[in-house]
Amino acid sequence: IVLLANRYNLSLGWLIAEHGEMYNDVRAHESCAPCFIDIPVVAPIAAGFPLSVAESEPLERLQIPASLLHLPPPYYAFRVEGESMSPYIIEGDIVILSRDWRDLDLDGRICGFRTQDGITLKKLVYAHRQKTAWLMPLNHDYTPTPYNKDTEDLILFGVLVLSIRKH
C-alpha cells in the first residue's frame, strides 16, 4: 500500500480508511529528491476549434518532477493541436492541467474547457460588467469566444500548470 501511495501521490489515510484528501499536496513532496509524478497524456486538446475526445488509453505517460508542479493534483496532460495559442503554446506541445484550483484567481489564466463542441485550451478573461467569460486565443489571427448565462454549457476542467515543448 505504501508503494502504491508513493507511486501515485495518494494519501495513506485515504487509501486505508477513506479519511482526508485523496491526493497528497505536491508541496509536501518537494523536499524529496528526486520526486517524479506519473501523468498520463490523455488526449489531444484543441488550440483552435474544440476537438471531440473519446475515452481511450493514454497516448503516453510522462514522469514530471514534482518541483515543477506548483498546483496540487490530480493532473491531466494533453497534446496541443492547432495554432490559436501560438507563439507561446504551439502544436505538438504537451500541457499539464491541474483539476484543483482552490483559492486561485482564474482571470487571465490559461485553462482547459469543455464546450458543446469538444475540448479546447484558451486564456480565460472575465468581463465582470457584461457578466461574460471570454475564451481568448493568444494568436491574434483567431477570434475570442464569449460565454454568458445564455450560451451553451462551458465547463472549466483544468488550469495550466506546465507546458512542455519537445525539440
Side-chain angles (χ1 to χ4, degrees), residues 8-9 21-23 25-27 36-167:
Y8 296 102
N9 198 30
E21 295 291 322
M22 180 177 179
Y23 292 97
D25 189 348
V26 172
R27 289 172 210 83
F36 292 89
I37 297 178
D38 182 64
I39 303 174
V41 179
V42 294
I45 190 169
F49 192 74
L51 292 171
S52 60
V53 175
E55 294 284 328
S56 66
E57 290 294 314
L59 303 174
E60 64 180 293
R61 298 190 82 77
L62 304 172
Q63 298 292 315
I64 304 297
S67 60
L68 295 178
L69 302 169
H70 63 279
L71 293 174
Y75 303 108
Y76 298 99
F78 296 89
R79 184 175 294 118
V80 175
E81 290 187 8
E83 298 295 327
S84 74
M85 300 303 285
S86 67
Y88 304 103
I89 298 173
I90 62 172
E91 185 156 349
D93 285 356
I94 298 205
V95 292
I96 298 174
L97 306 177
S98 170
R99 288 196 49 107
D100 187 347
W101 53 83
R102 289 176 282 182
D103 303 323
L104 190 63
D105 180 11
L106 296 177
D107 190 21
R109 294 220 177 228
I110 295 173
C111 301
F113 298 93
R114 180 174 299 281
T115 70
Q116 65 181 2
D117 299 316
I119 63 172
T120 189
L121 186 71
K122 295 286 185 281
K123 180 178 177 181
L124 177 62
V125 176
Y126 291 120
H128 296 285
R129 288 185 183 191
Q130 293 82 18
K131 296 183 181 175
T132 303
W134 288 86
L135 303 191
M136 302 291 289
L138 300 179
N139 182 338
H140 297 296
D141 292 337
Y142 289 78
T143 306
T145 306
Y147 283 87
N148 59 38
K149 65 179 181 157
D150 297 328
T151 56
E152 296 295 324
D153 290 336
L154 174 70
I155 300 168
L156 187 149
F157 65 84
V159 62
L160 181 70
V161 177
L162 183 66
S163 176
I164 300 169
R165 183 166 300 155
K166 293 181 179 180
H167 294 280

Problem set entry | Non-hydrogen atoms of P144 and P137 that approach each other most closely | CA-CD, 3.7 Å

Exercise. Taking all non-hydrogen atoms of both residues, which atom of P73 and which atom of D100 are closest, and how far apart?
Worked result: O-CB, 3.7 Å

Exercise. Do side-chain atoms of D38 reach the backbone of P40 as a donor and acceptor pair under 3.5 angstrom?
Worked result: no

Exercise. Nearest 0.5 Å, what's the CG-CG distance between L121 and L135?
Worked result: 10.0 Å

For this session: Would you indicate whether the side-chain heavy atoms of I110 and L138 approach each other to under 4.5 Å?
Result: yes

For this session: For residues G112 and L97, report the shortest heavy-atom separation together with the two atoms involved.
Result: CA-CD1, 3.9 Å

For this session: Rounded to the nearest 0.5 Å, what's the gap from CH2 on W101 to CG on L156? Could you check?
Result: 4.5 Å

For this session: Taking ring pair (Phe, Tyr, Trp, His ring centres under 6.0 Å) as the test, write out the residues that go with Y126, two or more places apart.
Result: H128

Exercise. Does atom CZ of F157 have more than 12 heavy-atom neighbours, drawn from other residues, nucleotides or ligands, at distances under 6.0 Å?
Worked result: yes

Problem set entry | Interatomic distance, D93 atom CG to F78 atom CZ [nearest 0.5 angstrom] | 14.5 Å

Exercise. Does the K122 side chain pair with the main chain of G48, one donor and one acceptor, at a distance under 3.5 Å?
Worked result: yes

Problem set entry | Residues L69, I39; criterion side chain to side chain contact (heavy atoms under 4.5 Å, CB included); working and verdict | CA-CA 11 Å; L69 302 169; I39 303 174; 4.0 Å; yes

Exercise. Side chain of T120, backbone of F113: donor and acceptor closer than 3.5 Å?
Worked result: no

Problem set entry | Rounded distance [0.5 Å steps], CD in Q130 versus CG in N148 | 10.5 Å

Exercise. Could you state the interatomic distance from CZ (R165) to CD (E91), rounded to the nearest 0.5 Å?
Worked result: 12.0 Å

Seminar exercise, completed: Applied to residues 62-75, the salt bridge (charged side-chain N to carboxylate O under 4.0 Å, His left out) test, sequence neighbours excluded, yields none

For this session: Kindly give the heavy-atom pair with the smallest separation between G108 and K123, and that separation in Å.
Result: O-CE, 3.5 Å

Exercise. D153 versus Q116: any side-chain heavy-atom pair under 4.5 Å?
Worked result: no

Exercise. What's the verdict on side chain to side chain contact (heavy atoms under 4.5 Å, CB included) for V80 and I45, showing C-alpha distance, side-chain angles and the deciding distance?
Worked result: CA-CA 5 Å; V80 175; I45 190 169; 4.2 Å; yes

Problem set entry | Side-chain heavy-atom pair I164, I64 within 4.5 angstrom cut-off | yes

Problem set entry | Pairing residues for E21 by the side-chain hydrogen bond (donor to acceptor under 3.5 Å, both in side chains) criterion, not counting sequence neighbours | none

Exercise. Looking at CE of M136 and OG1 of T143, how far apart are the two atoms once the value is rounded to the nearest 0.5 Å?
Worked result: 10.0 Å

Exercise. Any donor-acceptor pair under 3.5 Å linking the side chain of S86 with the backbone of N139?
Worked result: no

